[in-house]
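All values derive from a computational prediction rather than experimental measurement. Lettering follows sequence order; numbering is per chain, from 1.
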Amino acid sequence: MRIATYNVNGVNGRLPNLLDWLEETRPDAVCLQELKAPDERFPAEAIGKAGYGAVWHGQKAWNGVAILARRCEPLEVRRGLPGDPEDLQSRYIEAAVGGVLVASLYAPNGNPQPGPKFEFKLAWYRRFEAHAADLLATGHPVVLAGDYNIMPTELDVYAPERWTEDALFHPKVREAYARLLAQGWTDALRTRFPGQRVYTFWKYLRNAYERDAGLRIDHLLLSPSVKLLDAGVDRAFRGREKASDHAAVWVEIEALTAAAKPGKTARKRSASP
DNA sequence: ATGCCTTATACAATAAGA
């Protein structure tokens, strides 16, 4: 099963790019971020014609997340991150697709730092950590995919020394990401490419893509019951006409059922007649 | 410190992005 995450930077403004990408890469599930459209303007019909069912959580002008499923309808199980009834920003949606619980998230940017936006980002991550821990405790196969707006390590920034005070690279947000990994989540792209520079975002400014001045801020975190087979970045689409400033990131996975887990269960079964 | 570019909103200029 292939699951991809793509910050489209305007789902209507970049609909032709999105449809091309869907047709050329055919993921089984897709997490979209930055729809920048209210619910009634989500292009459900065009996406349906491309072969994808969808659930979405839009908002006028900014934010907005969606989950698409190839040849089926995603079963929505949550919209909005729990823990703050006053948070009305559309940054989180969750759905079951093909036996996997998939979350599409768009974390706050947090700039300028310091300031209230940075504080909101830190509070949002505290809520996300709490919810991620609950999901992990279920033991279900879970994939948390989206634009985390965090470069986890120096390897994930083209020029780390210039980003130390930025809300995307501040020690406090890198610590939040490290705490997620400490819960037991696997950073799929980093696991697939240990020690290598792999970026998922390039600014529109100063020919950043051509210079490969990139950041790794889009991540897929896998729960222990998800087996990672492969991962990658659909980098070439970033160089196309009218492209998003992000590239899609994907994983090829296998969901492990409880019965297939190694350990006691398997030993018992092999011992029985 | 700011521009560099691009979006949505709404039709000029602003807010936001990262």
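- Looking at heavy-atom distances under 4.0 Å, A/K121 makes no contact with the nucleic acid at all.
- Residues A/V102 and A/P74 form no side-chain contact, since every pair of their non-hydrogen atoms from C-beta on lies 4.5 Å or further apart.
- A/F169 has its CZ atom 19 Å from the C1' atom of B/dG17, to the nearest Å.
- As rounded to the nearest Å, B/dA18 and B/dA13 have P atoms that lie 26 Å from one another.
- Rounded to whole angstrom, the span from the CG atom of A/L205 across to the C1' atom of B/dG3 amounts to 8 Å.
- A donor-acceptor pair shorter than 3.5 Å can be found between the side chains of A/R197 and A/Y199.
- Comparing the same atom, P, in B/dG17 and in B/dA12 gives a spacing of 26 Å after rounding to whole Å.
- Summarising the geometry, the separation between OH on A/Y209 and P on B/dT6 is reported as 15 Å, rounded to the nearest angstrom.
- Across the protein-nucleic acid pair, A/M151 atom CE and B/dA18 atom P stand 11 Å apart, rounded to whole Å.
- Between the side chain of A/R192 and the backbone N or O of A/D230, no donor-acceptor pair lies under 3.5 Å.
- Distances shown here put a side-chain N or O of A/N7 below 4.0 Å from the OP1 or OP2 atom of B/dA18.
- Looking at A/R126 and A/E129, a side-chain N of the basic residue comes within less than 4.0 Å of a carboxylate O on the acidic one, giving a salt bridge.
- A salt bridge links A/E76 to A/R79: one of the charged nitrogens lies within less than 4.0 Å of a carboxylate oxygen.
- In this structure, CD of A/Q89 is placed 11 Å from C1' of B/dA16, rounded to the nearest angstrom.
- Using atom P as the reference point in both B/dT14 and B/dC4, the two lie 15 Å apart (nearest Å).
- Counting to the nearest Å, the P atom of B/dT6 and the CG atom of A/N17 are 13 Å from each other.
- Between B/dA18 and A/N149, a contact under 4.0 Å exists linking OP1 or OP2 to a side-chain N or O.
- Distances from the side chain of A/D147 to the nucleotides B/dC5, B/dG3, B/dA18 place B/dA18 closest.
- Taking the P atom of each, B/dT6 and B/dC11 are spaced 24 Å apart, rounded to whole Å.
- The phosphate of B/dA18 (OP1 or OP2) has no side-chain N or O of A/N111 nearer than 4.0 angstrom.
- Checked against the 6.0 Å centroid criterion, the rings of A/H170 and A/F118 qualify as a close aromatic pair.
- In terms of position on DNA chain B, the residue among A/A243 and A/L215 whose nearest nucleotide sits closer to the 5' end is A/A243.
- With P as the reference atom, B/dA10 and B/dA16 are 15 Å apart, rounded to whole Å.
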Protein-proximity profile, nucleotides 9-15 of chain B, B/S/- by nucleotide at the 4.0 Å heavy-atom cutoff, equals SS-----
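- If you take CZ of A/F201 and C1' of B/dG17, they are 7 Å apart, rounded to a whole angstrom.
- In terms of modelled atom types and a separation under 3.5 Å, the side chain of A/K36 and the main chain of A/K60 share no donor-acceptor contact.
- Within the 4.0 Å cut-off from OP1 or OP2 of B/dG3, not a single side-chain nitrogen or oxygen of A/R206 is found.
- Mapped onto DNA chain B by nearest heavy atom, A/G10 and A/N63 fall at different nucleotides, with A/G10 at the one closer to the 5' end.
- One finds a side-chain N or O of A/H246 lying less than 4.0 angstrom from the OP1 or OP2 phosphate oxygen of B/dA18.
- One finds a side-chain N or O of A/Y106 lying less than 4.0 angstrom from the OP1 or OP2 phosphate oxygen of B/dA18.
- Atom-to-atom, NZ of A/K203 to P of B/dT6 comes out at 14 Å; the value is rounded to the nearest Å.
- A centroid separation of 6.0 Å or more is found between the aromatic rings of A/W163 and A/F169.
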